[in-house]
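Proteins get letters first, then strands, A, B, ... in listed order; numbering begins at 1 in each.
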Amino acid sequence: MAVTNATPGLVTNERQESLLQNENVQAFGLFMLSLGLFLLFWEVGARAGWFVKGVPTASETLKEFWWWVTNPFYNNGPNDLGIGWNLLISLRRVAIGYILASLVAVPLGILIGISPVAYKAFNPYVQLLKPVSPLAWLPLGLYLLRDSEKTGVFIIFISSIWPTLINTAFGVASVDKDYLDVANTLGASRLRTIVKVIIPAALPNIVSGLRISMGIAWLVIVAAEMLLGTGLGYFIWNEWNNLSIANILVAIFIIGLVGLLLDSLFAALEKFVAFGRNS
Amino acid sequence: MRLAPVNSVASLDQPSASSQLSVRHVTKVFPGKKGLFNKLSGKTSRDFVAVENISLDIEPNTFVTIIGPSGCGKSTLLNMIAGLSPISGGEILLNGVPITGPGPDRGMVFQNYALMPWMTVEENLRFAVETVDPKTSPKKRDRILKEHIQLVGLTGAERKHPHELSGGMRQRVGIARALAINPQILLMDEPFGALDALTRGFLQDEIERIWEQQRKTVIMITHSIEEALLLSDRIVMMTRGPAARIDEILEVPFPRPRNRETIEQHPAYHALKAEMESHLFRETRAVEAARVGG
């Protein structure tokens with residue numbers, strides 16, 4: 001009896017302790033501490049002239065950041081556009097190019113994945129084109145399309161197609177043979193097997209591919225826009241021409257934040273389609 | 001109690017009229033890699049004869065267990081009966097009609113359950129029922145689903161996904177799915193192989209209970225002598241591979257319904273068990289010896 005009486009006390013003790021010992025709380029503490037130290041080092045260093053001339057202090061940069069996020073939508077011509085507009089322009093380009101790429105990559109990936117012959121036949125294209133830097137397509141895009149807006153979309157399209165295509169084909173090709181045997185023993189038609197078994201089974205791989213593609217699209221748009229005009233990439237280029245390092249830092253932070261949000265969205269989607277599977 | 005090895009019985013050229021499933025001189029050869037391309041890359045391999053000249057007749061409403069050392073082609077034989085693996089020689093007749101491919105007249109229970117992870121328990125069963133007969137009315141379909149979920153004791157878990165279930169519960173779903181399409185024959189490939197000993201014992205009792213209700217023809221592969229003795233009417237003992245044959249078929253005379261305590265009291269129990277042990281021991285030792293030697 002004494003044991004059963006003692007147990008609840010033990011549990012509450014552990015709970016009180018765990019609030020300070022909790023891994024997440026500790027991690028958050030360490031994060032805040034390191035951030036504080038970094039900002040302090042930055043502030044002191046910039047004031048004391050430890051870095052090159054013209055590096056803004058942390059407080060100046062934060063002030064700029066606050067100004068930009070509180071005035072996101074103003075428009076004084078293409079070289080003085082609120083960061084909200086630039087963000088929307090970039091997101092729009094990414095969205096168009098990315099959605100077009102996905103609409104091509106997922107069905108094509110399914111077709112390639114279903115047929116071992118097609119898988120082997122098309123693999124060389126994919127393997128050859130996948131490692132090409134997206135910016136290498138830029139001159140070609142400009143030459144073919146003669147339009148900077150379309151070229152931006154084209155580069156997003158061409159660079160975000162590969163991860164989705166590869167992952168989809170891989171996912172479809174490596175569907176657990178047991179699932180196919182089940183469909184076979186039941187006498188399921190080819191179409192029903194594809195729709196009801198192969199695609200849901202490959203969905204975690206497809207979504208992983210979409211997630212990687214989205215990451216790449218967001219990486220590429222900034223670089224591409226430096227050469228195109230308007231958008232977050234152009235914003236950075238423009239602020240570089242203005243020698244406004246603080247604004248460049250603001251833009252970098254915003255790009256990172258938006259990338260993080262987009263990635264979390266897909267991470268949540270991955271979890272949603274996993275049903276206890278790992279990938 | 002003991003039958004002569006079936007392979008040597010000449011009269012089997014004509015399958016007995018009463019048999020539901022007739023395996024006649026079946027051979028399975030996995031072709032090796034040949035041809036110029038493989039010769040150039042030095043990757044040629046010889047043909048592998050998994051099972052050779054197997055004949056077996058199965059009467060309706062019998063529970064047949066296939067037991068043998070690992071790698072003896074038990075699963076190959078079952079896959080050929082299921083129609084998942086092409087037959088290299090001989091033929092398999094189901095009600096006198098040769099098997100050419102998979103079909104819903106044979107329900108299959110898989111060792112790793114093979115449930116669709118993205119479907120709930122009910123959806124897994126519904127997928128099977130709707131695939132086999134798309135024209136089933138929703139009312140009849142729902143009744144079938146409900147009955148079979150109840151049969152395996154999973155009422156209340158209909159909306160759970162497989163990853164939320166234990167291994168034993170998952171295999172119950174697998175069994176319910178195989179039975180829901182109302183097959184003539186139930187094929188089970190080591191259905192309890194992936195389960196812990198306690199769960200396995202529990203599910204064996206469940207299978208015995210369900211079998212008493214339905215008395216469907218069952219062909220089950222197992223490694224467990226106790227499992228075979230508890231469940232089957234006939235036990236097919238196979239020799240080691242390659243070119244595995246049927247060594248002997250044992251009739252299990254215990255009255256039904258059975259349970260593991262009462263069958264041990266039966267006079268024939270220990271003799272049968274000893275017979276199977278010596279067979280499996282002999283074959284397994286030969287497999288090991290061949291592996292060491294080769």
message = Less than 3.5 Å apart, any donor N or O on the side chain of B:Arg106 or A:Thr185 sitting next to an acceptor on the other?
response = no
request  = Verify the neighbour count for atom CZ of A:Phe28: are there more than 12 heavy atoms of other residues, nucleotides or ligands below 6.0 Å?
outcome  = no
inquiry  = Taking the side chain as everything from C-beta on, heavy atoms only, tell me whether B:Pro102 gets closer than 4.5 Å to A:Asn184.
reply    = yes
message = Working to the nearest 0.5 angstrom, can you tell me the gap between B:His161 NE2 and A:Phe275 CZ?
response = 4.0 Å
task = Determine whether more than 12 heavy atoms belonging to other residues, nucleotides or ligands lie under 6.0 Å from atom CD of B:Glu91.
result = yes
note = Interatomic distance, NZ@A:Lys177 vs CG@B:Asn112, rounded to 0.5 Å, equals 11.5 Å
query = Is it the backbone or the side chain of A:Asp176 that comes under 4.5 Å from a heavy atom of chain B, or both, or neither?
reply = neither
Heavy-atom side-chain proximity of A:Lys196 to B:Thr131 below 4.5 angstrom = no
Pick from B:Gly107, B:Ala128, B:Pro134 with the largest number of heavy-atom pairs that fall under 4.5 Å of chain A = B:Ala128
query = Taking atom CZ of B:Arg215 as the centre, does the number of heavy atoms from other residues, nucleotides or ligands within less than 6.0 Å exceed 12?
reply = yes
ask   = With a 4.5 Å heavy-atom cut-off, do B:Gln111 and A:Asp178 have their side chains touching?
value = no
task = Let me know if B:Leu115 has heavy atoms under 4.5 Å from chain A in its side chain, its backbone, both or neither.
result = backbone
query = Checking heavy atoms, do the side chain of A:Val197, its backbone, both or neither come under 4.5 Å from chain B?
reply = both
remark   = Partner of A:Tyr179 under ring pair (Phe, Tyr, Trp, His ring centres under 6.0 Å), picked from B:Trp118, B:Phe127, B:Phe110, is B:Trp118
message = Please evaluate residues A:Leu186 and B:Met108 with respect to the criterion side-chain contact (heavy atoms from CB on, under 4.5 Å), reporting the C-alpha separation (whole Å), side-chain torsions for both, the decisive distance (0.1 Å), and the verdict.
response = CA-CA 9 Å; A:Leu186 295 170; B:Met108 184 99 174; over 6 Å; no
query = Would you find more than 12 non-hydrogen atoms of other residues, nucleotides or ligands less than 6.0 Å from A:Tyr119 atom OH?
reply = yes
inquiry  = At a heavy-atom distance under 4.5 Å, which candidate from B:Ala114, B:Pro117, B:Pro104 has the highest pair count against chain A?
reply    = B:Pro117
